[in-house]
Each structure stands twice: as C-alpha cells, then as structure tokens.
Amino acid sequence: MRRYPPPIDVPDHLDRWRRIVALPDDRLPLDEAALLISAAANPGLDVTGQLGRLDDLAGRVRATGAAGVCEVLFGELGLVGDTETYDDPQNSYLDRVLDRGRGIPISLSVLLIEVGRRCGVPLVGVGLPGHFVVRDPAEPEEVIDAFGGGRRLDRAATEALVRRAVGPDAAVGPELLAPVGPQAVLARMLVNLDASFERRGDLDALGWVSRMRAALQGAPAGDRAQLASRLAGLGRFDLAATTLEEVAAAIPDPRARRRMVREAIRLRARLN
C-alpha cells in the first residue's frame, strides 16, 4: 500500500487543504483531501476517524482484485448512485456517502479507488464527459461504473455512456480512458459543489468552495481570475487579491499582468 504523509491535526481544515494540494499528484492523499472537503462543510468532522473508517472497509475485503473491493462496497455495504436527489451536496461528502449509502459517480469512485489502494489494487479515475468511472489496469479494455453499483463496462458500453451524456455526435477518441490524477479529481468534486451551491444561493458555502478551488495547482488563469472575482464578491478581498497576484505572476502578457496587479492593489485597499 502506498504511504501518504500522516494526517496533521490543525484547527483550520483549509490550512491543511492548502498543504496537501501543494503536493505532487503521486504524493497527494486523495482520501484525506476529499474528506477535507467534507470537513469544510462540517468543521466538526473527525477526518482521522473517517480515514480509519476506510481502513476498516478495506479490512473486510476478502476476494482479490477490484471485484473483491466492489463486493464489499456495492454488495455488503450496498452503496448506490443517488438518482433521486443527485444534486444534494451530501452526495459529494465521503463520510455522508457512507452514512447514507448513496452518492454521485465521483464520490463513489473515490471510495472505490481509496479502499482499493488499501488492498493493493491500483485503481485510477477516468473523467468521462458527464460521468466519472474507474479504470482497473488489470482489465484495460473495461471501466468500472461505481454509480451503477460497480458494473463493468466494455469499450462499446463506455462509448454509449458518453454519447448519452453529451449527445449522439460526441467524438470518442483514444484519450477517452486516460486516467486523471488527484488534483483533477478534487477540482471536479469542487466544481460539482460550486454548481450545487450556486443553484441554492448558499453564499457561505460558495465562499469555502472558492477558497479551496483557488488553492488547487494547475487551475487555468481564467478560472482563477473568475474565482478571485467570486471571492471579492463574498467580501474576501485579501484572498481575492492574493489569487490575482498569483495569476499575474504566471501569465506572459505584461498588459494583462499589470491590470491584475492594479486590481489586486485596489482590493487590498478595501481592507483598510
């Protein structure tokens, strides 16, 4: 089992989040990072205890390979995709998915990946358009649909799934099954929550989601500038300014860079 850095107990879950997402993908603990998203929504969450919960699930796996992990999660535990309240933010929180027994494709996939990792099963995430699945390197021509109860999909079924999500003319190329790393998984989880909270008009939740998104590595400059605008709208002028300064430092256009620096200075002035 690959070893991750041990959890660090800090009062601010967002501080721990920033430390984790600064790590390279091959060292980033996806399980803990995903649970820190849950902890941002529920600051009283015992993240270390929830990690132990995943350890306990792995201890129940008896059969080898991905099939053994699926048997525990989708057979014994009965995890299913939530088709009735899909947009419920609780479907994105790993602890609540385990409590309630249902989730969305990406949260169920993360549980499958992380319990599998504990069992020595190297599963990876695949971000299909409109759906998230898991790839088992032992069966490279198939994917596992966690939302569908751990069913395996061959290439034809996977292509059909994509076309149902984005339309019959969707191009399905060889990059379809390319694995995505933890940063991309976390970004997609936060985008889901962002959209859900936007629809609900939950400004407090949009604030912590925006702060978490802004800390991720590799976010496009346009996305980060948009997040800075969102943060400023929520009154987080300090973080909005810092985000703009980071964007400015990374873009080659000197005029755009100066414009962002001036805006960051304006935002900092509003703190006085």
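No experiment lies behind these values; they were computed from the predicted model shown.
Taken to the nearest 0.5 Å, the CG atom of Leu128 stands 10.5 Å off from the CD atom of Glu159. Atom CD1 in Ile144 sits 9.0 Å away from atom CD in Glu139 (nearest 0.5 Å). Within the model, atoms CG of Leu45 and CD1 of Ile37 stand 12.0 Å from one another, a figure rounded to the nearest 0.5 Å.
Grouping Ile, Leu, Val, Met, Phe, Trp and Tyr by side-chain contacts under 4.5 Å, direct or through others, leaves Val124 on its own.
Two residues are said to be in side-chain contact when any heavy atoms from C-beta on lie closer than 4.5 Å; Leu35 and Leu51 meet this criterion. Considering only heavy atoms from C-beta on, Arg100 comes within 4.5 Å of Asp82 through its side chain. Tyr86 places a side-chain heavy atom less than 4.5 Å from the side chain of Pro105. Within the 4.5 Å cutoff, side-chain heavy atoms of Phe132 are placed close to those of Val185. For the pair Thr242 and Leu244, the minimum side-chain heavy-atom distance is 4.5 Å or more. You'll find the side chain of Ile113 reaches within 4.5 Å of the side chain of Val134, heavy atoms only. Within the 4.5 Å cutoff, the side chain of Val97 has heavy atoms near those of the Leu111 side chain. Within the 4.5 Å cutoff, the side chain of Val110 has heavy atoms near those of the Met189 side chain.
Minimum heavy-atom separation, Leu98 to Leu77: CD2-CD2, 3.8 Å. The heavy-atom pair separating Val133 from Asp145 by the smallest distance is CG1-CA, 4.3 Å. Across Gly130 and Ala165, no two heavy atoms sit closer than the pair CA-CB, 4.1 Å. Leu186 and Ala34 get closest at one heavy-atom pair: CD2-N, 3.9 Å. Between Asp25 and Gly181 the shortest heavy-atom distance is OD2-CA, 3.4 Å. Nearest heavy-atom pair across Arg135 and Pro137 is O-CD, 3.5 Å.
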What donor-acceptor contacts under 3.5 angstrom involve side-chain atoms of residues 193-200, with partners at least two apart or in another chain?
| unit_1 | atom_1 | unit_2 | atom_2 | d |
| --- | --- | --- | --- | --- |
| Asp194 | OD1 | Arg230 | NH2 | 3.3 |
| Asp194 | OD2 | Arg213 | NH1 | 3.2 |
| Asp194 | OD2 | Arg230 | NH1 | 2.9 |
| Ser196 | OG | Asp87 | O | 2.9 |
| Ser196 | OG | Arg200 | NH1 | 2.6 |
| Glu198 | OE1 | Arg230 | NH2 | 2.9 |
| Arg199 | NE | Asp87 | OD2 | 3.4 |
| Arg199 | NH2 | Asp87 | OD1 | 2.5 |
| Arg200 | NH1 | Asp87 | O | 3.3 |
| Arg200 | NH1 | Asp87 | OD2 | 2.7 |
| Arg200 | NH1 | Ser196 | O | 3.4 |

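Among residues at least two apart or in separate chains, there is no salt bridge (Lys or Arg N to Asp or Glu O under 4.0 Å) pair with a member in residues 119-132. Listed by first then second residue, pairs satisfying side-chain hydrogen bond (donor to acceptor under 3.5 Å, both in side chains) with a partner in residues 63-79 read Arg60-Glu76, not counting sequence neighbours.
Considering only residues two or more places apart in sequence or on other chains, Ala256 meets the side-chain contact (heavy atoms from CB on, under 4.5 Å) condition with Ile251, Asp253, Arg259. For Ala187, the side-chain contact (heavy atoms from CB on, under 4.5 Å) partners are Leu216, not counting sequence neighbours.
Val80 and Leu161 are members of different hydrophobic clusters when ILVMFWY side chains are connected at heavy-atom separations under 4.5 Å. Tracing side-chain contacts under 4.5 Å through hydrophobic residues (I, L, V, M, F, W, Y), one never reaches Val191 starting from Leu231; they form parts of separate clusters. Under a hydrophobic-cluster definition in which Ile, Leu, Val, Met, Phe, Trp and Tyr are linked whenever side-chain heavy atoms come within less than 4.5 Å, directly or via other members, Val261 and Leu239 are assigned to different clusters.
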Inset, instruction - Report the C-alpha separation of Arg102 and Thr85 in whole Å, then their side-chain angles, then the decisive distance to 0.1 Å, and conclude whether the side chain to side chain contact (heavy atoms under 4.5 Å, CB included) test is met. - result: CA-CA 10 Å; Arg102 57 187 185 272; Thr85 56; 4.3 Å; yes
Legend entry - Check against salt bridge (Lys or Arg N to Asp or Glu O under 4.0 Å), Arg16 and Glu32: CA-CA 10 Å; Arg16 175 59 177 162; Glu32 186 183 355; 2.9 Å; yes
Inset, instruction - Under the salt bridge (Lys or Arg N to Asp or Glu O under 4.0 Å) rule, what do Arg155 and Glu141 come out as? Steps first, then yes or no, please. - result: CA-CA 6 Å; Arg155 184 59 179 254; Glu141 296 303 315; 5.1 Å; no
Inset, instruction - Go through the steps for Ser92 and Asn192 under the test side-chain hydrogen bond (donor to acceptor under 3.5 Å, both in side chains), then give the verdict. - result: CA-CA 8 Å; Ser92 292; Asn192 288 341; 5.2 Å; no
Inset, instruction - Could you please spell out the steps behind the side chain to side chain contact (heavy atoms under 4.5 Å, CB included) verdict for Asp88 and Tyr93? - result: CA-CA 10 Å; Asp88 190 332; Tyr93 308 144; over 6 Å; no
Inset, instruction - Please lay out, stage by stage, how Asp136 and Glu142 fare under the test side chain to side chain contact (heavy atoms under 4.5 Å, CB included). - result: CA-CA 7 Å; Asp136 179 1; Glu142 297 181 342; over 6 Å; no
Legend entry - Arg268 and Glu245: CA distance, side-chain angles, deciding distance, salt bridge (Lys or Arg N to Asp or Glu O under 4.0 Å) verdict: CA-CA 11 Å; Arg268 290 196 187 283; Glu245 289 164 348; 2.8 Å; yes
Inset, instruction - Go through the steps to decide whether Leu54 and Gln50 satisfy the test side chain to side chain contact (heavy atoms under 4.5 Å, CB included), and finish with yes or no. - result: CA-CA 7 Å; Leu54 298 183; Gln50 293 297 324; over 6 Å; no
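Here the side chain of Trp17 pairs a donor or acceptor atom with the backbone of Met212 at under 3.5 angstrom. Listed for the Ser107 side chain is a donor-acceptor partner under 3.5 Å among the backbone atoms of Asn91.
Between the side chains of Asn42 and Arg96, no donor N or O sits under 3.5 Å from an acceptor N or O.
Phe147 has its ring centre no less than 6.0 Å from the ring centre of Phe74.
Few gaps surround CG on Asp56; more than 12 heavy atoms of other groups in view lie less than 6.0 Å from it.
One finds a salt bridge joining Asp238 and Arg236 here, because a Lys/Arg side-chain nitrogen approaches an Asp/Glu carboxylate oxygen to under 4.0 Å. A salt bridge links Asp31 with Arg118: the closest approach of a Lys/Arg side-chain nitrogen to an acidic carboxylate oxygen falls below 4.0 angstrom.
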